[in-house]
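The basis for the numbers below is simple: all heavy atoms, side chains too, and nothing from hydrogens, waters or symmetry mates.
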Amino acid sequence: MARRGRAILALLLSLAVASICVIGGAHGATDNTVSIPLGRSLSATGDGLAHNFPVAVASACTRSSYMSPFRVYRKTASEDETQDGLFQFIVEVHDCPKVDAFCCSQELHSLLLKIDPTANVTSVSVDGLDDYPWKMDASGLTISMDPPLEAVANIVPHSIVVSVTGMTTFAQLCPRGRISEVCDATIFNSDGKCCIERSAVFPDGSWPGAPDFEAPPMPPMPSMEGMPLTPTSPTSPPESPPAPPSPAPEFPPPPPPPPPPPPSDSCCIEDIWKSPYRLVFVGSSKSGSDTAFRYQLIIEPVDPTFPDFTGPEPGDCAAMFLRDAELSIYSDMLVKYVLFNNSAVDWWMSPNTPNSNWVSWPVHLPLDAFDPNVPIDVTVTVRGAVDDLCPATVFMHSSNACEYAMHGRDGDFQCCPHGITLPQGPPNQCCVDDLQKTPYRLNYESHEPTLTETVFSFGIALVPVTGEDHDGFEPNECDRMSLDSMQIQLYDNVEVVQVVMEGRLMSWNYSAATNTSRWLNVWDINRFYTDFDPNHPTQLEVFFAGYINEPCPAQSAFGAPGPYCEWAFHGRQSQWTCCPLGYTGWGPSDETCGCRDDADGTPYRMGYIAESSDSSETTYTFNLASVETALTVDFDGFDVDQGNPVDCSSMNIQHIRLAIYPNVVVTGVAVAGAKLDWQITPNDAKSVWLWLLGVDYTVNDLVQYVPVNVTVTVAGDPSVPELCPASSYFGSQSSCQYLIQGPTYSPDYYDSCCPTGVTAYYSEARLKGQAGYPNPQVASARHH
């Protein structure tokens, strides 16, 4: 019997023949030059393996059930008077786990139940009505909801009854489900941007039993985008509120379970060479304060002449239906999210070895859904700066090595191919420069000139991709490109002081453009398409020395009435290099009225724990916790937007600031053990701000009153006995002023929250009793 945990020797034997296999598609030679129009050549940096996204397979839509209020469950199976099978499903509507997600407000327009495509469906009813359109195709049963189901929590679930001739059990109806006897379901909104996937388990979260092969993937559970801080037990089904009584008629008890499958149906074929799927390593890079590890799923024809390395196994998996895939990573990694083909998907963790866990994600696609010439990108992003993701890097002596496994079936045979990632070749260096094939635009918003400094504000906006090809030479392969770096063409006599994106100081330099201009190169943006909010442009500020009204030569060249700048973006998608070139448009800045600084009414507090020192460094340990937001007093009376109080009760955390002494030399910061980027900016005469960058937590990523540690490490024993000036002001070593910065989204505008407080010695009782009053002599606020 095949097992996932088979000895490493088998893997090494499999890899011994890797050299005779061609991995991936055709790729061009590595080059350090990126060409753009108008005859210019720009120097690029990096390893040539930046973020990758293809567009060939799964639709570019939101698939994670964490982003939806709808839940699909199976109920009962019975027979009617004609012995046709009656299968009941229900759709429950709850409060959305991620309230500010786009799909949380979208109606349910259609439901795909991935049943056996050969099933003879005779009727479908929704809430007792038979007039809802439906169709059967290779994907399964699609039911059109007309009128659509509203995304409003409802006590009474919607009932769906499907009548099928010749089938009476869920085992017959759902042979392709990732969980045995359970149908997979996909929920769509009107335009297909939301395609939420779930397994239709019982309403209490249980299922009829483990999957029917020996090395099962765990049932999909909501990833909570980083909830490994308090990981869900892989042996526990996802929690769900008890289902209220259904208004639909009662069904008779289900029939007894079907007989066990034949022996061949329970044997798992794990030989990687009997499967067409391979996972190859592309590269890793920083994404904010996180680290993104990028892989590609590729298709290789099965060669029947390869030997069977793991012993005799009946049949093969040459045409296997791919149900899910998994990667073995170090057990202390904090997974933030998993992207499959530019779509955020549910992921779940399960144990592998004492120092590793499997991180698994759903695929649920047949082999013919893949294009052998187009690799599918898979990105696993973990919190903090991480060099090695997988234990296989040690026993394989390669930084590219990760153990992986796939699961699915081919006819009667269960498949679990198991292998080690191999490095991918370099990407194609053909540069796609058509602006209409890319999703980003740079808009001028405003500038504030003074005699000493001028700040130009721009917004990076997402726009629909039309795909027009003006030069006829390029594929449509950049509509979901990453944004790794960018350029703005400036007069060569203007001096840039600094560049800031969303509060983060960016690295930048100049390169030559024309005899009167030069390029401002902004490096290390390293953001995925999914990191941008389509409703709110990403803010970019360029600080110039002196009084500047016209920084760009394009304004004069085109006779523009206001600031007008030429720009270029650089990124990757799949094996393609992307370098769209354009000119700034005019866009309004986000409607915001400053930031709310009251700690009350916000869900976060910080406390102080202790410090520890050795001869070379001192580490200060704080904690960060989520609390109830019952207190909503507006102490200064200014935190309103358009006359309405700014609601920060569900704010996200973008960055955290601590006011520390200027002479302290910081060497590192971490949140929940993940090493983050940091920067220092001025505050007042006695302190500077230490920014913990890219914390990126939502209110759902922290369990109420369960703190996570925040550490600040400084060089040597500090020349002052405290880290923060607030410790002298309040006469306590535990005191440190903090500011938690993050956005809160309203339907028509965007607000910023910056709750300010002072840490105290942590205790559970103090945390639960905190009123959170900001000290007026320490708190800082900025308002219109």
Side-chain angles (χ1 to χ4, degrees), residues 4 51-54 56-68 98 114 176-179 182 184-186 195-199 201 211 215-228 231-232 234 238 275 277-282 290-298 320-331 333-352 356-366 369-370 375-383 389-390 402-408 415-419 421 528 530:
R4 269 193 302 197
H51 308 308
N52 296 277
F53 295 118
V57 185
S59 58
C61 55
T62 300
R63 298 172 67 183
S64 173
S65 59
Y66 180 48
M67 311 290 183
S68 171
K98 187 172 177 59
K114 297 180 180 179
R176 301 185 301 175
R178 67 191 71 163
I179 301 175
V182 172
D184 292 336
T186 306
C195 55
I196 309 300
E197 294 192 342
R198 285 186 60 83
S199 291
V201 296
M218 298 308 298
M221 303 176 185
S223 73
M224 302 302 286
E225 290 191 356
M227 274 298 284
T232 302
S275 158
Y277 303 105
R278 305 287 187 274
L279 197 66
V280 295
F281 176 78
V282 176
D290 308 317
T291 308
F293 290 85
R294 302 179 305 282
Y295 302 87
Q296 288 187 332
L297 178 64
I298 64 172
M320 71 176 279
F321 181 93
L322 183 55
R323 193 156 39 202
D324 54 72
E326 60 188 358
L327 199 67
S328 179
I329 67 175
Y330 281 114
S331 56
M333 293 290 154
L334 303 178
V335 177
K336 188 174 182 181
Y337 54 77
V338 175
L339 299 178
F340 179 81
N341 195 43
N342 191 36
S343 182
V345 295
D346 288 337
W347 55 269
W348 59 99
M349 302 287 284
S350 56
N352 182 23
S356 70
N357 289 328
W358 292 107
V359 55
S360 307
W361 60 91
V363 179
H364 206 90
L365 289 170
F370 296 89
I376 304 305
D377 290 288
V378 177
T379 302
V380 177
T381 297
V382 295
R383 294 187 183 275
L389 181 68
C390 305
C402 279
E403 183 183 4
Y404 70 90
M406 315 277 186
H407 299 101
C415 306
C416 55
H418 184 199
T421 58
F528 294 95
T530 50

> In Å, rounded to the nearest 0.5 Å, how long is the span from CG of Asp377 to CG of Asn341?
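Result: 7.0 Å between the selected atoms.
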> Enter the distance from Trp361:CH2 to Asp324:CG here, rounded to the nearest 0.5 Å.
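These two atoms lie 9.0 Å from each other.
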> Where do Tyr404 and Arg278 come nearest, in terms of heavy atoms and distance?
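Here Tyr404 and Arg278 meet closest at OH-CA, 3.7 Å.
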> Is there a side-chain contact between Leu322 and Leu365 in this structure, where contact means two heavy atoms from C-beta onward sitting under 4.5 Å apart?
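Contact flag for Leu322/Leu365 side chains = no.
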> For the NE2 atom of His407 and the SG atom of Cys415, what is their distance to the nearest 0.5 Å?
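Those atoms lie 10.5 Å apart.
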> Can you measure from CE (Met406) to CD (Glu326) and round to the nearest 0.5 angstrom?
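Between Met406 CE and Glu326 CD, I get 9.5 Å after rounding to 0.5 Å.
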> Could you report the tightest heavy-atom contact between Ser68 and Ile196, atom names first, then the distance?
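Result for this residue pair: CB-CG1, 3.5 Å.
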> Side-chain contact, heavy-atom cut-off 4.5 Å: Leu389 with Leu327?
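Yes, their side chains come closer than 4.5 Å.
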> Which heavy atom of Met320 sits nearest to which heavy atom of Gly408, and what is that distance?
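Minimum heavy-atom separation between Met320 and Gly408: CE-N, 3.7 Å.
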> Answer with yes or no after comparing the ring centroid distance for Tyr277 and Phe370 against a 6.0 Å cut-off, counting only values under it.
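Centroid separation for Tyr277 and Phe370: below 6.0 Å.
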> Tell me every residue that passes side-chain contact (heavy atoms from CB on, under 4.5 Å) with Asp290, counting only those two or more places apart in sequence or in another chain.
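For Asp290 the side-chain contact (heavy atoms from CB on, under 4.5 Å) partners, ignoring immediate neighbours, are Lys336, Thr381, Arg383, Asp696.
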> Within the structure provided, determine whether Phe293 and Cys402 are in side-chain contact (heavy-atom separation under 4.5 Å).
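The answer is no; the side chains never approach within 4.5 Å.
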> Using the test side chain to side chain donor-acceptor pair (under 3.5 Å), find all partners of Ser356 that sit at least two apart in sequence or belong to another chain.
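Applying side chain to side chain donor-acceptor pair (under 3.5 Å) to Ser356 gives Ser328, Asn352, Thr353.
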> Please find the pair of heavy atoms, one from Phe281 and one from Thr421, that lie closest to each other, and give the distance.
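So the minimum-distance heavy-atom pair works out to N-CB, 4.2 Å.
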> What pair of heavy atoms forms the shortest contact from Val378 to Phe340, and how long is it?
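Where Val378 meets Phe340 most closely, the heavy atoms are CG2-CD1, 3.8 Å.
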> Please report the C-alpha distance between Val363 and Ile376 in whole Å, then the side-chain angles of each, then the deciding distance to 0.1 Å, and finally whether the side chain to side chain contact (heavy atoms under 4.5 Å, CB included) criterion is met.
CA-CA 11 Å; Val363 179; Ile376 304 305; over 6 Å; no
> Working to the nearest 0.5 angstrom, can you tell me the gap between Asp184 CG and Ser199 OG?
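The CG atom of Asp184 sits 4.0 Å away from the OG atom of Ser199.
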> Does a side-chain heavy-atom distance below 4.5 Å link Met333 with Val359?
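They are not in contact (no side-chain heavy atoms under 4.5 Å apart), so the answer is no.
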> How long is the gap from OH on Tyr330 to CG on Asn357, to the nearest 0.5 Å?
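Spacing of OH (Tyr330) from CG (Asn357) equals 13.0 Å.
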> Are the side chains of Pro362 and Trp348 in touch, meaning some heavy atoms are under 4.5 Å apart?
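Contact flag for Pro362/Trp348 side chains = yes.
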